[in-house]
Visitor: 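The structure under discussion is supplied below as C-alpha cells; questions concerning it will follow.
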Amino acid sequence: MASTETSTHCPYCALQCGMKLRPATGGGVVEVVERTEFPVNRGALCGKGRTAPAVLAAGVRLTGPLVRDGRGELVAAGWDEALERIADGLRRTRAEHGADAVGVFGGGGLTNEKAYSLGKFARVVLGTSQIDYNGRFCMSSAAAAHQRAFGLDRGLPFPLEDVPRTGCVILVGSNLAETMPPALRYLTELRENGGRLIVIDPRRTRTAEQADLHLAPRPGTDLALALGMLHLVVADGRVDEEFVRTRTRGWDEARAGAMAHWPELVERLTGVPVPQVREAVEMFCGAASGMVLTARGPEQQAKGTDTVGAWINFCLATGRAGRPLSGYGCLTGQGNGQGGREHGQKADQLPGYRKLTDPAARRHVAGVWGVDPDTLPGPGRSAYELLDALGRDVRSLLVMGSNPVVSAPRAGHVEERLRSLDFLAVADVVLSETAALADVVLPVTQWAEEGGTTTSLEGRVLLRQRAVAPPEGVRSDLEVLNGLAGLLGHGKGFPTEPEEVFDELRRASAGGPADYAGITYARIAAEDGVFWPCPDEAHAGTPRLFLERFATADGRARFVPVTHRPPAEETDAEYPVVLTTGRVVSQYQSGAQTRRVAELNAAAPGPFVELHPRLAERIGVAEGERVAVTSRRGRAVAPARITASIRQDTVFMPFHWPGEGRANSLTNPALDPVSRMPEFKVCAVRVEAAG
C-alpha cells in the first residue's frame with residue numbers, strides 16, 4: 001500500500017478532477033485528499049469522487065474470476081481456467097462462423113492504454129471488424145459535427161479556464177450542476193466577471209436556475225431553435241461578414257436553410273416564445289466574445305449531428321469561433337470519452353483518430369503493429385447496431401468496462417440479444433447487470449490500483465498513478481488482453497505495463513489528427529497534463545485550437561446546411577407525452593459502481609418520474625405514488641416526483657437503475673444517419689398511475 005499521498009484523477013466523468021490518495025486512517029483501503037494545485041477543479045470534488053474508494057472494498061468489488069457451471073450458476077474459478085474458457089469460446093466461434101462473428105464492446109471509462117490495446121486485440125488477434133464502445137452513446141454526434149465543420153474533433157477547443165473570461169455562454173442540454181458539479185464554478189465566475197449565461201433545457205434544472213435567461217424548448221426541437229436564432233442573426237444584420245468571408249466556406253447554403261425558419265415557425269415548433277429567442281440572440285451578439293457549449297440534450301437525437309452543426313453555424317456566422325475566448329465546444333460525459341474514441345476501440349477508427357478506411361493510416365498503424373495492412377479488417381457496426389446483431393451475425397462477445405443492459409437504448413431488447421449469444425465474457429470491476437449474464441466474468445483493477453492516461457473534455461492528457469495494490473485475485477485489463485492474446489497465438493505485442501503501451505500508442509498516433517507523439521508520462525506529471533496535438537517533445541501542446549486556421553485542407557471552417565425535422569417518433573393519441581432522460585448528481589452512468597456506495601444511495605436511492613403538477617393531476621397521482629411510463633418498446637414504473645420545473649408535455653427519468661424503473665426500457669434506438677447516435681433524449685410515451 002502507498003505510504004505517501006499519490007496524485008491521480010477521479011474515475012468518473014470527463015472533468016477528470018485532480019485528487020490525491022493516501023492510506024486510510026480508519027476503515028477502507030485509501031482515502032481521498034484534496035489536490036488543490038490541479039487547475040481544473042482546484043481541489044473541489046463532488047460526492048462521487050469523494051466516495052470513489054468505497055468501491056475498492058472486497059465486499060463491493062469482484063475479487064476473483066467467475067465461470068458458469070453446468071447448473072447455469074456463476075461460480076469461482078482460477079485465472080487459467082477462466083482465460084482458457086474465453087479463448088476457447090472466441091476460437092470456436094471464429095472457426096464455425098468466421099472472424100466477424102466475434103464482437104468486442106468497450107467503454108468510455110477505459111484508459112487510453114486499454115482502449116488502444118483493445119482495438120489492437122480485436123483487429124490483430126481476433127481479426128474482427130465488430131468492435132465499438134459505449135462512448136458512441138456519449139458525444140458521437142458532436143464528434144461528427146466537429147469533423148464536418150472544423151476538420152478535427154476535440155470536445156473543447158479551448159481550456160475551461162477560458163469560460164469565465166468570455167462575454168456570454170449558451171449552454172445547450174447540460175445540467176452541469178449535477179453532471180459535473182466542480183465545473184459549475186466556471187459559470188459562477190463567468191457571471192461574477194460580468195458575463196451572461198443562457199441555458200437551454202426543457203427542465204428548469206439547478207443549472208438553469210443560475211442563468212440570466214432560461215429557454216425551455218420541447219425535447220427534440222433544439223435544431224429548430226438554433227436555426228431560428230441564426231435567422232434572427234441574419235435578419236438583424238449581426239453576421240460577422242469579414243469572418244465569414246475570410247475564414248469559412250458554405251455560408252450561402254447555410255443561410256438559406258436558416259431563413260426558412262422564421263421566428264413564429266420556431267415558436268410553434270419549440271414552444272419558446274419569440275421574445276425569448278430574440279433576447280437570447282441580443283444577449284449573445286451584444287457581448288464581445290461568446291461560446292456555445294452542448295451536452296447530451298441536443299446530441300442524443302436521431303438528428304444530433306445536424307443539431308450540433310446548427311449551433312456551430314450560429315457560432316461561425318457571429319464570428320464566435322477560431323478566436324480567443326470564443327467558440328463551440330462539447331462537454332464530454334464519460335471519464336475517457338475523448339481518448340476512448342481516439343485510439344481504436346471505435347468501429348471506424350485507428351489510433352491517433354485515423355480513419356480505418358484511409359490506406360495511409362492503415363499502413364502507418366500496421367507498421368507499428370508489425371502486421372500486413374491488408375490483414376486489418378474494415379469498419380464494423382456502430383454500438384447499437386452491434387448489440388442488435390448479437391445472437392445472429394455476432395455469436396460471441398467480449399465486453400470491457402460497459403453495462404449495456406442498463407445503458408443501451410431499448411434495453412430490454414439488448415438484454416434479450418445478450419442472452420441469445422453462444423458465448424459472453426465480461427471484464428469489469430463489479431458484477432454489473434451485464435456481467436451477471438456472462439459465461440465468464442473477469443475481475444479487473446480500478447483507477448487507484450493501476451496507472452494509465454485519460455484525456456479530459458479539454459483534450460488534456462492526464463496521468464492516473466497507482467496508489468494501492470489490487471487484491472490477489474484481480475488483474476488489469478492489459479494483463480487480460482496479454483493472456484488472451486497468448487492463448488490465441490499472439491505471444492508478443494500486448495505489454496502489461498501501461499507506460500510501455502503508451503509509448504507504442506505515441507508511435508501509432510504520430511502524424512495523426514490526435515497526435516500524442518510528444519507526450520510522455522514525465523511531462524504529464526510535471527505539467528498537470530499536456531494538450532494534444534503535441535507532435536514532439538519540444539512542442540508545448542495545444543490548449544487552444546483553430547486560432548490561426550481550422551483543421552481542414554484549406555484552413556477554413558465549413559458551414560453545413562441543415563434543416564429541422566421532427567423526432568423519429570412523435571407523440572400521438574396513444575402516446576401523448578414526451579420522455580427525456582438524464583442523470584442525477586449522486587449516481588453515474590449505468591450506476592454499476594455508484595449504486596454500491598451507501599452515501600450515494602442514501603442521496604439517490606432509486607429511479608423516479610419527474611412530471612408537471614398539471615400532468616400529475618390529470619392522471620391522478622400524488623408525490624411519491626407509483627407512475628407507469630409506457631413506450632412502444634417497454635414499460636417502466638417509478639415514484640412520481642412532481643415539480644413545476646418541467647414542461648407540462650414532458651416527463652423526465654434518470655437512467656442509472658435496472659429493474660422495473662429502467663428508463664432505457666423505453667428509449668428509442670433510432671439512429672443519427674451520420675454519428676449512429678441513438679435517440680435517447682426524446683420518445684413518445686403514455687403516463688398513468690401504476691396503482
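Each residue takes its place number in the sequence, starting with 1. The figures here come from the full heavy-atom set of this structure, side chains too, leaving out hydrogens, waters and symmetry mates.
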Visitor: Decide side-chain contact (heavy atoms from CB on, under 4.5 Å) for R466 and T445; before the verdict, give the C-alpha distance in whole Å, the side-chain angles of both, and the deciding distance to 0.1 Å.
Guide: CA-CA 10 Å; R466 175 169 158 154; T445 51; over 6 Å; no
Visitor: Side chains of S402 and N134: do they bring a donor and an acceptor to under 3.5 Å?
Guide: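 S402 vs N134: donor-acceptor pair found between side chains.
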Visitor: Using every non-hydrogen atom in the two residues, find where L90 and S396 come nearest and quote the distance to one decimal.
Guide: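 For L90 versus S396, the nearest heavy atoms are CD2-CB, 4.1 Å.
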Visitor: Which residues pass the ring-ring contact (aromatic ring centres under 6.0 Å, His included) test with F502, sequence neighbours left out?
Guide: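 F502 satisfies ring-ring contact (aromatic ring centres under 6.0 Å, His included) with Y521 once adjacent residues are dropped.
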Visitor: Quick one: NE2 on H656 to OG on S590, what's the gap to the nearest 0.5 Å?
Guide: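 Between atom NE2 of H656 and atom OG of S590 there are 9.5 Å.
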Visitor: Could you point out which residue of E500, E499, E537, E113 forms a salt bridge (Lys or Arg N to Asp or Glu O under 4.0 Å) with R506?
Guide: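 The option that passes is E537.
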Visitor: Taking the side chain as everything from C-beta on, heavy atoms only, tell me whether K20 gets closer than 4.5 Å to S7.
Guide: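 K20 reaches S7 side chain to side chain.
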Visitor: For the atom pair OH (Y588) and SG (C13), what is the distance rounded to the nearest 0.5 Å?
Guide: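 It is 6.5 Å, given to the nearest 0.5 Å.
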Visitor: With sequence neighbours excluded, what pairs up with P65 under the side-chain contact (heavy atoms from CB on, under 4.5 Å) test?
Guide: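 P65 satisfies side-chain contact (heavy atoms from CB on, under 4.5 Å) with W79, A82, L442, P443 once adjacent residues are dropped.
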Visitor: Between N175 and T207, does any side-chain donor sit less than 3.5 Å from a side-chain acceptor?
Guide: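 Short answer, yes.
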Visitor: Can any side-chain N or O of R417 pair as donor or acceptor with the backbone N or O of L390 at less than 3.5 Å?
Guide: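 Pair found, side chain donor or acceptor close to backbone of L390.
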Visitor: Name all residues meeting the side-chain contact (heavy atoms from CB on, under 4.5 Å) criterion together with D162; count only those two or more places apart in sequence or in a different chain, and write none if there are none.
Guide: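 F158, P159, R165, M291, L325, R544.
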Visitor: Is there side-chain contact between M19 and T8, with heavy atoms separated by less than 4.5 Å?
Guide: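 Counting from C-beta outward, M19 and T8 do come under 4.5 Å.
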Visitor: Take V440 and F423 through the side-chain contact (heavy atoms from CB on, under 4.5 Å) test and state the conclusion after the steps.
Guide: CA-CA 9 Å; V440 180; F423 182 79; 3.9 Å; yes
Visitor: With a 4.5 Å heavy-atom cut-off, do I524 and I519 have their side chains touching?
Guide: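 Yes, side chains in contact.
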Visitor: Looking at R662 and E433, is any side-chain nitrogen of the basic one under 4.0 Å from a carboxylate oxygen of the acidic one?
Guide: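 No salt bridge links E433 with R662.
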Visitor: For the residue pair V474 and L62, establish whether any side-chain heavy-atom pair is separated by less than 4.5 Å.
Guide: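 Not in contact.
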Visitor: Specify the closest pair of heavy atoms between L398 and L484, including all atoms of both residues, with the distance to one decimal.
Guide: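 Residues L398 and L484, closest heavy atoms: CD2-CD1, 4.5 Å.
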Visitor: V444 and M400: side-chain contact (heavy atoms from CB on, under 4.5 Å), yes or no, with the steps?
Guide: CA-CA 9 Å; V444 290; M400 279 193 161; 5.9 Å; no
Visitor: Does a side chain donor of either T455 or N112 reach within less than 3.5 Å of an acceptor in the other side chain?
Guide: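 N112 and T455 do have a side-chain donor-acceptor pair below 3.5 Å.
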Visitor: Run through R341, R154, E342 and flag the one making a side-chain hydrogen bond (donor to acceptor under 3.5 Å, both in side chains) with Y353.
Guide: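 Going through R341, R154, E342 one by one, the side-chain hydrogen bond (donor to acceptor under 3.5 Å, both in side chains) with Y353 is satisfied by R341 alone.
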Visitor: If we only count heavy atoms from C-beta on, is the P11 to Q593 side-chain gap below 4.5 Å?
Guide: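 Answer no - side chains too far apart.
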Visitor: Using atom types as modelled and distance alone, determine if a side-chain donor or acceptor of K48 lies under 3.5 Å from a backbone N or O of V585.
Guide: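 At least one qualifying donor-acceptor pair exists.
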Visitor: Using a 3.5 Å distance criterion without hydrogens, assess whether the side chain of R523 forms a donor-acceptor pair with backbone atoms of G518.
Guide: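 Looks like yes, one N/O pair under 3.5 Å.
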Visitor: Going by side-chain contact (heavy atoms from CB on, under 4.5 Å), name the residues that satisfy it together with D80, two or more places apart in sequence or in a different chain.
Guide: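 By the side-chain contact (heavy atoms from CB on, under 4.5 Å) rule, D80 matches no residue at all.
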Visitor: After noting the C-alpha distance and the side-chain angles of V414 and Y384, does the key distance pass the side-chain contact (heavy atoms from CB on, under 4.5 Å) rule?
Guide: CA-CA 9 Å; V414 169; Y384 180 77; 3.9 Å; yes
Visitor: Donor-acceptor pair, distance only, cut-off 3.5 Å: does the side chain of Q345 make one with the backbone of G340?
Guide: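 Looks like yes, one N/O pair under 3.5 Å.
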Visitor: Test your reading of the model: is there a side-chain donor-acceptor pair from R85 to the backbone of A425, 3.5 Å cut-off?
Guide: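 No: the side chain of R85 does not pair with the backbone of A425.
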Visitor: If only atom types and distance count, is the side chain of S141 paired as donor or acceptor with the main-chain N or O of E299 below 3.5 Å?
Guide: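 Yes, S141 side chain to E299 backbone: donor-acceptor pair under 3.5 Å.
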Visitor: Decide yes or no for L481 and V125: does some side-chain heavy atom of the first lie under 4.5 Å from some side-chain heavy atom of the second?
Guide: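 Heavy-atom side-chain distance check fails, nothing below 4.5 Å.
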Visitor: Determine the interplanar angle of the F105 and F137 rings, folded into 0 to 90°, and report it as parallel if under 30°, tilted if 30 to 60°, perpendicular if over 60°.
Guide: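 Taking F137 first and then F105, their aromatic rings sit tilted (interplane angle of 30° to 60°).
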Visitor: Determine, step by step, whether E599 and T51 satisfy the side chain to side chain donor-acceptor pair (under 3.5 Å) criterion, reporting the C-alpha distance in whole Å, the side-chain angles of both residues, the deciding distance to 0.1 Å, and the verdict.
Guide: CA-CA 8 Å; E599 181 179 330; T51 61; 5.7 Å; no
Visitor: Please confirm whether the backbone N or O of A383 pairs with a side-chain atom of D132, one donor and one acceptor, at under 3.5 Å?
Guide: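 Yes, D132 side chain to A383 backbone: donor-acceptor pair under 3.5 Å.
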Visitor: To the nearest 0.5 angstrom, please state how far the CG atom of D153 sits from the CD atom of Q338.
Guide: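 Here the rounded value is 5.5 Å.
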Visitor: Tell me the closest heavy-atom pair linking G352 and P513, and the distance in Å.
Guide: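 Taking every non-hydrogen atom into account, O-CD, 3.1 Å.
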Visitor: When you check the side-chain N and O atoms of Q16 and T454, is any donor under 3.5 Å from an acceptor?
Guide: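 On atom types as modelled, these side chains qualify, holding a pair under 3.5 Å.
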Visitor: With a 4.5 Å cut-off on side-chain heavy atoms, are L160 and L457 touching?
Guide: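 Touching, per the 4.5 Å side-chain cut-off.
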Visitor: Which donor-acceptor pairs under 3.5 Å do side chains of residues 181-189 form with protein atoms, sequence neighbours excluded?
Guide:
unit_1: Y186; atom_1: OH; unit_2: V40; atom_2: O; d: 2.5
unit_1: T188; atom_1: OG1; unit_2: L184; atom_2: O; d: 3.3
unit_1: E189; atom_1: OE2; unit_2: R42; atom_2: NH1; d: 3.1

Visitor: Rounded to the nearest 0.5 Å, how far apart are OG1 of T111 and CG of D477?
Guide: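 Here the interatomic distance stands at 7.5 Å.
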Visitor: How close do G155 and H146 get, counting heavy atoms only, and between which atoms?
Guide: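 In this case the closest contact between G155 and H146 is O-CE1, 3.5 Å.
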Visitor: Who passes side-chain contact (heavy atoms from CB on, under 4.5 Å) against T36, sequence neighbours left out?
Guide: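 Residues passing side-chain contact (heavy atoms from CB on, under 4.5 Å) with T36: E34.
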Visitor: Counting only N and O atoms by type, is there a donor-acceptor contact under 3.5 Å from the side chain of R296 to the main-chain atoms of L331?
Guide: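 Such a contact is found between R296 side chain and L331 backbone.
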Visitor: Whether the T594 and Q587 side chains hold a donor-acceptor pair (N or O, under 3.5 Å, no angle test) is what I'd like checked.
Guide: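 Result is yes, a qualifying pair exists.
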Visitor: Just by modelled atom types, is the V406 backbone N or O under 3.5 Å from a matching donor or acceptor in the N664 side chain?
Guide: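 Here the side-chain-to-backbone pair exists.
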Visitor: Quick one: closest heavy-atom pair of L478 and S117, and the distance?
Guide: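 Distance-wise, the nearest heavy atoms are CD2-OG, 3.5 Å.
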Visitor: With a 4.5 Å heavy-atom cut-off, do V468 and L21 have their side chains touching?
Guide: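 V468 vs L21: side chains apart.
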Visitor: Check for me whether the distance between the ring centres of H9 and F38 falls short of 6.0 Å.
Guide: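 Judged by ring-centre distance (under 6.0 Å), H9 and F38 do meet the cut-off.
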Visitor: Hey, what's the ring geometry for F608 with F652, parallel, tilted or perpendicular (30° and 60° as the breaks)?
Guide: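 Tilted: the ring planes of F608 and F652 meet at 30° to 60°.
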Visitor: Is R136 reaching over with its side chain to a backbone N or O of S675, donor-acceptor style, under 3.5 angstrom?
Guide: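 Here the side-chain-to-backbone pair exists.
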Visitor: From L462 CG over to S456 OG, what is the distance, rounded to the nearest 0.5 angstrom?
Guide: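 Reported value, rounded in 0.5 Å steps: 5.0 Å.
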Visitor: Flag yes if more than 12 heavy atoms outside E81 fall under 6.0 Å of its CD atom; otherwise flag no.
Guide: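 Check passes, neighbour count above 12.
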Visitor: Roughly how far, to the nearest 0.5 Å, is CD of Q589 from SG of C138?
Guide: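 The SG atom of C138 sits 7.0 Å away from the CD atom of Q589.
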Visitor: Restricting to non-hydrogen atoms, name the atom on V530 and the atom on G541 that form the minimum distance, rounded to 0.1 Å.
Guide: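 Shortest heavy-atom separation between V530 and G541 comes out as CG1-CA, 4.3 Å.
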